[in-house]
Amino acid sequence: MTSKEVCDLRVRFAPSPTGYLHVGGARTALFNYLLARRFNGVYVLRIEDTDVARSDKTFEMNLMETLKWLGLHWDEGPDKGGSYGPYRQSERLRIYREYAETLIKEGKAYRVYAYPKEIEALREKMINNGVAPHYNREMLEAFSTEKRRAEYKEKGLQPAVYFSMPRKQFFLKDMVKGEIVFSEGSVGDFVLLRSSGIPTYNFACVVDDTLMKITHVIRGDDHLSNTVKQLAIYEALGANPPQFGHVSTILGPDGKKLSKRHGSTSVEEYRSRGYLSEAVVNYLALLGWSSPDAKEIMSIDEMISKFSLDRFSKNPAIFDPKKLKWMNSHYIRAMKPGELLLRLKPYIEQCDYEVKHENLEGIIEVVKERIHVLTDFCEAAEIFFKKPSQLPDINSELISVFLNCADRLQKLQNWEKMNIIKVFKEVLKHHKVKRKEFYSTLRVLLTGKNEGPELADVVCLLGRDEVVSRVRAIGRGEQCSE
RNA sequence: GCCCCCAUCGUCUAGCGGCCUAGGACACUGGCCUUUCAAGCCAGAGGCAGGGGUUCGAACCCCCUUGGGGGCGCCA
């Protein structure tokens, strides 16, 4: 990339607000963000809401919220404004119509007075005849009879505007895939402006990218075949296309395009299931891109400093929830308890017990080692807030050992982990009990579980009163049964 | 049917003609550590889709086959 391009670099993320942000979309957003930040460019958010039926303002809000959560903040967008707005396609309809009009005047586009049903029939007929379903001007304009035009006028209908696809080859120098040739006739004429006056994706996208001075476009390779249409429109408009980089699609474990039936596909779902944005961003970055030093755990700033366009992989990537989970647990373990507490807040509220403790950070410190997602917290920390529901089945000899242990703990001067360990050792010295048996039984006695954090930590955090009370329960339990 | 893209361990990938006896990460298996589980550490298993070329030499370049993905919408 030359220095001139660098200083003018403008990229965009252009989602359509028809659902929650998909992990594939998030990855696209991330790559564009990284490119912008790496080369001091401008990152634009554009809302592609030209699908009136499916677009929803709620999704738009959610999209922006999720993007912010991921830390992918944009410089220009519908909420922030900018010199090239508006940034919502539904607010730019006049612009598209003007451009369509120009193309019609220049003979590069034309009006079609055909009903969608008729076009559909035409299409089916071609498919049935084993011909590629490509339209051309001649077959489409056949519908535009005098009679039909009058009918449209009478009913107040607007004709759709079709683009006249030039019969020639198109070349694309893709930043990811390399040189691609679209042979002549690979696509036919297609709709620019619907009869509703709303532009189609390919048209709006080109007009906007041109007007918004977008220099680089990183997107999923499901757009690759359509790029020829866009290239043709750029040419018709007399505009220079941006540099394209088509990243391979993210697939599900079965090798098919990642979809709902593979489980969670939206960033929102991972967020609510207790994933950290750092982990999501980090994992997504590794799907189709790799850092030059082979380092996998990277902060977003690290990714920015290492980002370059020549490290994209051409092959499709299968989404691996296991690795994401591993990465998430890694980030949880690496996080300072104070910070983790903040992230944990919404999940703590969902616990079915009251989380109240003078040293909650201390609890988080020992619990974070064994959780993979934030939603694991409630179950993992339960031992500190709930007394065990069942007492272990132990003999009276052992009971007296534990009662003695409780007495010693009761009298312990400074309630500190090291001192608690000393008490354990004393008890083991004075009683004929196996180490392993002592510790494992004490654990069950205190927590009702066979596994958990280091016992001294548990005891320390539980606090003197609670520990003594829980241990002595075994004594009371025996009394009751007699 | 036509067009386009892709092909390295199960998965993500490194590799850009000799540093490859193909490296790393996740997952998996075994061991160590340890009062348990987890983490951590060590070790192991596991791959260049197949076939032709080009070359002194090919995972890497070319062609074919096969396999996978995507597109061909008044969806984006």
Side-chain angles (χ1 to χ4, degrees), chain A residues 14-16 18 48-51 53-55 112 114-116 119-120 123 126-134 159-162 172 174 176-178 180-183 185-188 190-196 198-202 204-205 219-229 246 248-249 251 253 255-257 283 286-297 310-311 313-327 329-330 333 367-372 380 421 424 428 434-444 447 449-456:
Chain A
S16 61
T18 54
E48 306 217 326
D49 54 353
T50 52
D51 185 341
R54 294 198 300 146
S55 292
V112 173
Y115 297 116
I119 301 286
E120 185 55 34
R123 193 184 136 74
M126 284 191 279
I127 291 169
N128 291 338
N129 290 344
V131 186
H134 295 163
V161 176
Y162 272 71
L172 171 65
D174 193 86
V176 177
K177 307 275 187 189
I180 295 162
V181 181
F182 296 99
S183 48
S186 58
V187 292
F190 56 92
V191 175
L192 251 28
L193 227 48
R194 304 174 170 101
S195 44
S196 60
I198 292 170
T200 56
Y201 162 75
N202 286 303
C205 180
R219 49 158 53 151
D221 72 357
D222 45 334
H223 288 288
L224 194 53
S225 298
N226 283 318
T227 306
V228 65
K229 294 180 183 172
H246 289 92
S248 291
T249 336
L251 309 175
K256 299 262 187 282
K257 203 171 168 180
Y283 177 69
L286 261 22
L287 241 40
W289 182 80
S290 63
S291 94
D293 56 7
K295 203 177 161 192
E296 297 211 331
I297 299 290
D310 54 7
R311 297 204 59 85
S313 158
K314 290 181 178 184
N315 17 350
I318 292 174
F319 190 83
D320 182 7
K322 281 206 185 110
K323 185 153 182 178
L324 207 207
K325 198 164 192 172
W326 165 78
M327 210 167 251
S329 67
H330 174 91
R333 284 195 305 275
V367 162
K368 71 171 188 172
E369 301 297 325
R370 51 213 340 106
I371 63 174
H372 294 98
I421 292 173
F424 289 163
L428 282 168
K434 278 188 201 136
R435 232 159 72 100
K436 212 156 181 149
E437 189 181 23
F438 172 76
Y439 284 115
S440 63
T441 314
L442 182 58
R443 173 181 297 284
V444 178
T447 69
K449 290 181 180 180
N450 284 315
E451 75 289 308
E454 195 185 325
L455 206 47

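First the proteins, then the strands, lettered A, B, ... as listed; each starts at 1.
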Salt bridge (Lys or Arg N to Asp or Glu O under 4.0 Å) with [X]: which residues, sequence neighbours excluded?
X	answer
A:Asp293	A:Lys306
A:Asp221	A:Lys177
A:Asp51	A:Arg54
A:Lys229	none

Do any side-chain nitrogens or oxygens of [X] fall under 4.0 Å of OP1 or OP2 in [N]?
X	N	value
A:Asn315	B:U8	yes
A:Arg435	B:U35	yes
A:Lys323	B:A25	no
A:Thr50	B:A76	yes
A:Arg333	B:G40	yes
A:Tyr162	B:C74	yes
A:Arg311	B:U13	no

Rounded distance (Å) that lies between atom C1' of B:A14 and atom CG of A:Leu286: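 One finds 12 Å between C1' of B:A14 and CG of A:Leu286, rounded.
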If I take atom CD in residue A:Glu120 and atom P in nucleotide B:C74, what distance separates them, rounded to the nearest angstrom?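 So the two atoms are 8 Å apart, to the nearest Å.
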With rounding to whole Å, what would you report as the distance between B:U13 and B:G71 at their C1' atoms?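 That atom pair is separated by 27 Å.
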Scan nucleotides 47-49 of chain B against the protein and return all N/O pairs shorter than 3.5 Å with their distances rounded to 0.1 Å.
none

Side-chain donor or acceptor of A:Lys314 under 3.5 Å from a matching atom on the base of B:A7?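 No, no donor-acceptor pair under 3.5 Å.
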On a plain distance test, is the side chain of A:Thr200 in donor-acceptor contact with the base of B:C74 below 3.5 Å?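 No, the side chain and the base share no sub-3.5 Å donor-acceptor pair.
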Of the nucleotides [options], which one has an atom closest to the side chain of [X]?
X	options	result
A:Glu451	B:U35, B:A76, B:U36	B:U36
A:Ala317	B:C74, B:U13, B:C72	B:U13
A:Ser16	B:U35, B:A76, B:C12	B:A76

What does [N] pair with, Watson-Crick or G-U, if both distances are under 3.5 Å?
N	value
B:U29	B:A43
B:A22	none
B:A7	B:U66

Expected rows: protein N/O vs nucleotides 65-71 of chain B N/O, under 3.5 Å:
unit_1, atom_1, unit_2, atom_2, d
B:G69, OP1, A:Lys256, NZ, 2.2
B:G70, N2, A:Ser225, OG, 2.9

Residue list, side chain to side chain contact (heavy atoms under 4.5 Å, CB included) with A:Ser225, at least two apart or on another chain: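 Expected list: none.
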Residue list, side chain to side chain contact (heavy atoms under 4.5 Å, CB included) with A:Ala380, at least two apart or on another chain: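 Applying side chain to side chain contact (heavy atoms under 4.5 Å, CB included) to A:Ala380 gives A:Val367, A:Ile371.
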Who are the side chain to side chain donor-acceptor pair (under 3.5 Å) partners of A:Asn315, not counting sequence neighbours?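 Checked A:Asn315 against side chain to side chain donor-acceptor pair (under 3.5 Å); matches are A:Ser313.
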Under the 5.5 Å and 30° test, is A:Tyr439 stacked on the base of B:U35?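 A:Tyr439 ring centre within cut-off of B:U35 base, planes near parallel; stacks.
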Of all the heavy-atom pairs spanning A:Thr50 and A:Ile198, show the shortest one and how long it is.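 Looking at all heavy atoms of both residues, the closest pair is O-CG2, 3.4 Å.
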State, to 0.1 Å, how close A:Pro453 and A:Arg443 come at their nearest heavy-atom pair, and which atoms those are.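 That closest heavy-atom pairing would be O-NH2, 2.9 Å.
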How would you label the contact of A:Val444 with the nucleic acid (heavy atoms, under 4.0 Å): base, sugar-phosphate, or nothing?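 No contact at all - A:Val444 keeps every heavy atom at 4.0 Å or more from the nucleic acid.
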